[in-house]
J.: 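Dropping a structure here in structure tokens format, bear with me for questions.
Below, chain A is the first sequence line, B the second, and so on; all start at residue 1.
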2 protein chains.
Amino acid sequence: MANIRDIAKAASVSVSTVSRVLNDHPYVSDEKRKAVMEAVESLNFHKNLNAVHLSKGKTHVVGVVLPYIHQPFFSLILNGIAREASVTHSHIMLFQTNYEDDKEREALESLKGKQLDGLIVCSRTLPLSVIKSYSKHGPIVLCEETSDLQCVYIDHHSSILAGIEHLKQSGYRKIGLTLNRKSGTNTSQRVTAYKQACSEEFVFYNALNIEDGEEIVRCILENSSRPDALLVTNDYVAAGILNECRRNGVVVPDELALLSYDNQHLAESLEISSVELPLLEMGQEAFKLLSSEKPEKRELPFSLIHRKTT
Amino acid sequence: MANIRDIAKAASVSVSTVSRVLNDHPYVSDEKRKAVMEAVESLNFHKNLNAVHLSKGKTHVVGVVLPYIHQPFFSLILNGIAREASVTHSHIMLFQTNYEDDKEREALESLKGKQLDGLIVCSRTLPLSVIKSYSKHGPIVLCEETSDLQCVYIDHHSSILAGIEHLKQSGYRKIGLTLNRKSGTNTSQRVTAYKQACSEEFVFYNALNIEDGEEIVRCILENSSRPDALLVTNDYVAAGILNECRRNGVVVPDELALLSYDNQHLAESLEISSVELPLLEMGQEAFKLLSSEKPEKRELPFSLIHRKTT
DNA sequence: ATAAAGTATGAAACGCGTTTCATAGCAAAT
DNA sequence: ATTTGCTATGAAACGCGTTTCATACTTTAT
């Protein structure tokens with residue numbers, strides 16, 4: 001494939017001039033510009049982006065680290081990122097980690113190797129200190145509350161307290177909590193708030209999908225001591241719970257109230273009460289923070305949407 | 001940042017030797033290897049990936065073109081791609097197009113500029129001829145039936161016929177069809193098959209999400225001539241339909257049968273009959289096809305899962 | 001003993017666009 | 001008439017790792 005020097009030769013100009021033409025720099029006479037463009041045309045020239053990246057030291061690619069693409073929570077954040085990236089003509093490199101250290105490291109190494117201009121970590125398993133140590137190679141934004149790095153987050157502690165408050169006001173006393181993984185900043189915040197506000201503890205882990213919700217109902221029914229309300233990981237789990245309740249004749253919300261997280265279409269459609277999280281904005285803000293010079297922590301608000309399950 | 005020449009100097013060897021050490025080439029004496037590694041360590045050297053990419057002419061990055069990330073159909077394919085990519089330590093660059101020409105072009109241009117080693121197009125709006133014209137710059141795989149390019153696909157024509165057959169055998173006569181966009185290879189195949197098998201026509205477009213399903217029911221109820229069965233775009237639309245039917249006292253499947261596509265968890269959970277599509281495999285196959293030398297068309301099977309809505 | 005094969009190493013070219021610096025002509029300002 | 005400033009253009013350096021080629025020394029095979 002023809003390169004810029006071939007073009008220079010063909011157009012009888014210097015490579016600098018070719019580069020100027022290609023980049024719309026001023027200070028190129030019309031005739032030379034024309035000559036270059038003709039050469040470009042006839043030799044079917046196009047830039048090698050890797051050379052551009054190397055030379056410029058930038059790629060206009062940002063990495064996005066997330067555990068699962070298909071989970072609505074993350075795909076919405078991703079969507080927000082994509083939307084904002086599109087504005088600046090940046091591209092997105094995806095690192096689906098499944099919460100594996102190695103995969104997260106790959107992303108960090110790509111940043112280090114200048115393949116990425118920045119990195120957005122939607123969720124992680126690596127220690128914060130490790131992530132931070134890479135921040136000297138480029139901007140890193142986290143979607144959780146941290147003090148050392150740029151971050152966008154939701155105050156999950158408060159959201160849980162608000163949810164519990166809401167449930168208690170409606171007369172529910174034995175409030176349970178469903179969560180996905182056992183570790184993680186966001187999870188910890190939820191658990192801490194929960195333990196702070198509730199004496200009895202009904203905590204269900206590994207609750208992530210519809211079928212997990214169904215499983216939880218079965219689990220609850222087997223037990224004599226059962227919650228009368230649940231704060232649910234997300235709308236999908238709630239949908240599963242709702243579904244299995246119907247099958248088993250458990251009346252929602254009388255026998256079991258449900259307050260889920262995310263407030264996706266599904267919640268609206270099934271009339272599930274839900275804590276709305278501005279995930280799209282979260283992605284957008286995360287992207288914007290990449291190019292913010294000063295350290296910033298950006299908190300986003302949640303809001304409780306009251307429907308028929310509470 | 002130190003580069004390979006600095007290392008060479010510090011270790012008193014040639015750059016070739018440094019490169020050999022960094023790439024685990026044989027033919028390096030232990031002492032030189034040690035010297036290089038020490039220099040790498042003390043100067044905190046790490047490769048500039050853009051230089052590697054330029055030099056090697058490869059990036060180990062594949063582009064994925066899809067309209068919407070958050071749509072389960074595509075996020076599942078993406079998942080399959082990601083899974084397979086992870087095996088070869090390839091990375092994924094995401095091009096969410098919203099079916100905009102420009103975005104698709106960006107992906108194609110990235111391939112042309114050697115930023116990508118290959119491209120998987122999950123769905124497109126650009127004419128096939130345009131896509132094909134870029135295939136000289138790198139492998140392109142489509143997720144639809146084509147004769148000119150590598151592709152993985154499902155025979156949507158047959159799947160519609162099978163669905164209709166199934167519905168007819170159960171006694172339904174006025175079969176309707178819901179679709180998303182009006183154009184597209186997959187859509188066309190479905191429409192063609194539908195028109196071929198059904199004399200009456202009940203076709204609903206822009207059916208993609210839960211709320212679209214609800215809307216469709218409202219629309220159906222307003223009309224005197226209504227279908228008694230629907231072939232539905234995907235499980236989400238079916239869920240919306242199911243939901244709105246319940247609200248309006250329409251009994252499923254007696255008054256309205258539903259056969260959806262994709263067979264996601266949602267369908268299982270709501271006991272919706274669905275045509276299972278091997279989307280994960282589709283993604284995996286698509287990725288594998290990128291590195292297949294010979295032209296290949298790979299058809300994947302669908303299967304009809306009979307549940308309570310038919 | 002000699003050819004053949006393998007080990008080890010470095011110089012230089014290669015992949016390729018961008019950018020700085022120097023140079024030179026020409027117009028506007030003093 | 002002279003300085004200042006802008007327009008135009010090219011040579012060369014820069015970003016940086018990889019790879020080929022040539023060279024030279026060891027071994028192993030014949």
J.: For A:Arg83, does the CZ atom have more than 12 heavy-atom neighbours from other residues, nucleotides or ligands under 6.0 Å away?
T.: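 Not buried by this count: 12 neighbours or fewer within 6.0 Å.
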J.: From C-beta outward on A:Lys56, which listed nucleotide comes closest to its side chain: D:dC16, C:dT9, C:dT19?
T.: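 The closest nucleotide is C:dT19.
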J.: Salt bridge or not between A:Lys288 and A:Glu285? Use side-chain N to carboxylate O under 4.0 Å.
T.: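 Answer for the salt bridge query: yes.
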J.: Relative to the 5' end of DNA chain C, which residue comes earlier, A:His46 or B:Val15, by the nucleotide with the nearest heavy atom?
T.: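 Whichever sits nearer the 5' end wins; that is B:Val15.
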J.: Atom NZ of B:Lys114 and atom C1' of C:dG17: how far apart are they, to the nearest Å?
T.: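 Checked: the NZ to C1' distance equals 15 Å.
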J.: Under a 3.5 Å threshold, yes or no: a donor from one side chain and an acceptor from the other, between B:Asn23 and B:Lys47?
T.: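 Side-chain D/A pair, B:Asn23 to B:Lys47: present.
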J.: Whole angstrom is fine here: how far is it from NE2 in A:His60 over to P in C:dT18?
T.: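 Checked: the NE2 to P distance equals 11 Å.
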J.: Would you mind reading off the distance between B:Tyr27 atom OH and C:dT7 atom C1', rounded to a whole angstrom?
T.: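 For the pair B:Tyr27 OH and C:dT7 C1', the rounded distance is 6 Å.
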J.: So does B:Asn23 get a side-chain nitrogen or oxygen closer than 4.0 Å to the phosphate oxygens (OP1/OP2) of D:dT18?
T.: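 Yes, B:Asn23 has a side-chain N/O under 4.0 Å of OP1/OP2 on D:dT18.
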J.: Considering only side-chain heavy atoms of B:Leu54, which listed nucleotide, D:dT19, C:dA13, C:dC16, is closest?
T.: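 The answer is C:dC16, which lies nearest to the side chain.
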J.: Ignoring backbone atoms, establish whether A:Ser19 has a side-chain N or O less than 4.0 Å from OP1 or OP2 of C:dG17.
T.: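 Answer is no, no contact under 4.0 Å.
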J.: For A:Leu49 and C:dT18, give me the distance from atom CG to atom C1', rounded to whole Å.
T.: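 Distance check: A:Leu49 CG to C:dT18 C1' gives 14 Å.
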J.: Rounded to whole Å, please give me the gap between NZ in B:Lys112 and C1' in C:dG17.
T.: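 Roughly 16 Å, once rounded to whole Å.
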J.: From the options D:dC16, C:dG17, D:dA12, select the nucleotide whose nearest atom is closest to the side chain of B:Arg5.
T.: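 Output: D:dC16.
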J.: Atom CZ of B:Arg20 and atom P of D:dC16: how far apart are they, to the nearest Å?
T.: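 Distance, rounded to whole Å: 21 Å.
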J.: Could you check which of C:dG15, C:dT9, D:dG17 has an atom nearest any side-chain atom of B:Ser29?
T.: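 Comparing C:dG15, C:dT9, D:dG17 against the side chain of B:Ser29, the answer is C:dT9.
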J.: Reckon A:Thr17 has a side-chain N or O less than 4.0 Å from the OP1 or OP2 of D:dG10?
T.: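 Yes, because at least one side-chain N or O of A:Thr17 sits under 4.0 Å from OP1 or OP2 of D:dG10.
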J.: Rounded to whole angstroms, how far apart are CG on A:Asp6 and C1' on C:dG17?
T.: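 One finds 13 Å between C1' of C:dG17 and CG of A:Asp6, rounded.
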J.: Starting the side chain at C-beta, find the nucleotide from D:dG15, D:dT18, D:dG10 nearest to A:Ser55.
T.: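 Shortest atom-to-atom distance from the side chain points to D:dG15.
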J.: Are B:Lys47 and D:dT18 close enough that a side-chain N or O sits under 4.0 Å from OP1 or OP2?
T.: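 True: B:Lys47 side-chain N/O within range (under 4.0 Å) of D:dT18 OP1/OP2.
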J.: Hey, are A:Glu296 and A:Lys294 close enough for a salt bridge, meaning a charged N less than 4.0 Å from a carboxylate O?
T.: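 Between A:Lys294 and A:Glu296 there is a salt bridge, with a charged N closer than 4.0 Å to a carboxylate O.
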J.: Would B:Glu100 and B:Lys103 count as a salt bridge (Lys or Arg N to Asp or Glu O under 4.0 Å) here? Give the steps.
T.: CA-CA 6 Å; B:Glu100 289 162 28; B:Lys103 293 287 171 56; 3.6 Å; yes
J.: Which nucleotide in the list C:dG10, C:dG17, D:dG17 gets nearest to the side chain of B:Ser16?
T.: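 Of the candidates, C:dG10 comes closest.
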J.: Could you state the NZ-C1' distance from A:Lys58 to D:dG15, rounded to the nearest angstrom?
T.: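 Going from NZ in A:Lys58 over to C1' in D:dG15 covers 16 Å.
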J.: Could you tell me whether the phosphate oxygens of C:dG10, OP1 or OP2, come under 4.0 Å of any side-chain nitrogen or oxygen in B:Lys32?
T.: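 Indeed, a polar side-chain atom of B:Lys32 lies that close.
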